[in-house]
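Since the structure comes first, as C-alpha cells, the remarks are kept for the end.
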Amino acid sequence: MPLKGFESLCSKNAAQIISRDKGNPQYHRGINNARAYVTHYKIDGTVIKSGNRCDYLLMNEEKKVAYLIELKGSDLVKASQQLEAAEKALQQELSDYTLQYRIVANKCKTQEIHSSAYRKYQIRWKGKFIQKTGFIEENI
C-alpha cells in the first residue's frame, strides 16, 4: 500500500525509477520491465523529517518488495544505521513487504568494508543487501 499522505515521485507503472540527489554522482535505478505498479518516495526530509533516515524508498506494490536506498559519500556504517532507522520508523507501513537494503557510495575505504560494525549489517541483511560504488541498476 502506498504511503498515506505522501505522493509518489514516479508514475504508477514507470519503466525506470531513479533515486538521485542533486549534485551527487551516485544513483540507484530500478528497472520495471513488467510495468508493475510501483511507488517511490523521498524519505530524508519529506516522509521522515528528523533523526537518522535513508534517502529513498522504492516499492513494487505488486510483488510487495520495498527497497530502502541510501546514497552516501563514503561512511558505510552511517549509511547502514540510516537504513535501519528508516526501517524502524516505517515498520508499520512496511510490515507486508519483503525489505531490500541498498547503499550506493561515492567511494569506500577497504578498512571500513571489513570493519566489524559494518559486517554486522552485511550478516543481518544477507541476501537482501547490495552495496556498490557509483550506481546500482537492478530489475525490480
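A quick note: this is a predicted structure, and the numbers were derived from the prediction, not measured.
Ile130 and Leu76 end up in different hydrophobic clusters when Ile, Leu, Val, Met, Phe, Trp and Tyr side chains are linked at under 4.5 Å. There is no path of hydrophobic side-chain contacts, each under 4.5 Å, that joins Phe135 to Leu71. Residue Phe129 is grouped with residue Tyr97 when hydrophobic side chains (ILVMFWY) are merged at heavy-atom distances under 4.5 angstrom, including chains of intermediate members. Clustering ILVMFWY residues whenever any of their side-chain heavy atoms sit less than 4.5 angstrom apart, transitively, puts Leu9 in a cluster other than the one holding Ile43. The cluster map of Ile, Leu, Val, Met, Phe, Trp and Tyr, joined by side-chain heavy atoms under 4.5 Å apart, puts Leu90 and Leu99 in the same cluster.
Judged by distance alone, with hydrogens and angles left aside, the side-chain atoms of Asn60 form a donor-acceptor pair with the main-chain N or O of Lys63 at under 3.5 Å. With hydrogens and angles ignored, the 3.5 Å screen pairs no side-chain donor or acceptor of Asp55 with any backbone N or O of Ile69. Using modelled atom types, no side-chain atom of Glu70 and backbone atom of Ser80 make a donor-acceptor pair closer than 3.5 Å. Side-chain atoms of Glu137 do not come within 3.5 Å of backbone N or O of Arg29 as any donor-acceptor pair.
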Task: Ile31/Ile140 under side-chain contact (heavy atoms from CB on, under 4.5 Å): CA gap, chis, key distance, verdict - done: CA-CA 6 Å; Ile31 301 166; Ile140 59 160; 5.9 Å; no
- [ ] Under the side-chain contact (heavy atoms from CB on, under 4.5 Å) rule, what do Gln100 and Lys128 come out as? Steps first, then yes or no, please.
- [x] CA-CA 5 Å; Gln100 299 289 318; Lys128 300 178 183 181; 4.0 Å; yes
TODO: Begin with the C-alpha distance, continue with both residues' side-chain angles, and end with the deciding distance and a verdict on side chain to side chain donor-acceptor pair (under 3.5 Å) for Tyr101 and Glu87.
DONE: CA-CA 10 Å; Tyr101 306 87; Glu87 175 187 2; 3.1 Å; yes
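Heavy atoms only, all atoms of each residue included: Ala79 and Ile103 are closest at CB-CD1, 3.7 Å. Taking each heavy atom of Arg20 and Gln26 in turn, the nearest pair found is CG-O, 4.0 Å. Scanning both residues, Cys54 and Leu83, for their nearest heavy atoms gives CB-CD2, 3.8 Å. Smallest separation of non-hydrogen atoms from Asn32 and Ala14: ND2-O, 2.8 Å.
Surrounding NZ of Lys132 are at most 12 heavy atoms belonging to other residues, nucleotides or ligands under 6.0 Å away. Within a 6.0 Å sphere centred on CZ of Phe6, other residues, nucleotides and ligands contribute more than 12 heavy atoms.
Note that OG1 of Thr46 and CD of Glu7 are 12.0 Å apart. Values are rounded to the nearest 0.5 Å. Rounded to the nearest 0.5 Å, atoms CZ (Arg102) and CD (Gln131) are 11.5 Å apart. Within the model, atoms OH of Tyr37 and CG of Asn13 stand 9.0 Å from one another, a figure rounded to the nearest 0.5 Å. Considering CD1 of Ile17 and OG of Ser11, their distance stands at 8.0 Å, rounded to 0.5 Å. Interatomic distance, SG of Cys10 versus OH of Tyr41, reported as 8.0 Å (0.5 Å rounding). Rounding to the nearest 0.5 Å places OH of Tyr118 at 11.5 Å from CD1 of Ile123.
Using bins of under 30°, 30° to 60° and over 60° for the plane-to-plane angle, the ring pair His40/Tyr56 lands in the parallel bin.
Between Leu94 and Met59 the shortest side-chain heavy-atom distance falls below 4.5 Å. Contact of the Thr133 side chain with the Asn106 side chain is not registered, since no non-hydrogen atoms from C-beta on lie closer than 4.5 Å.
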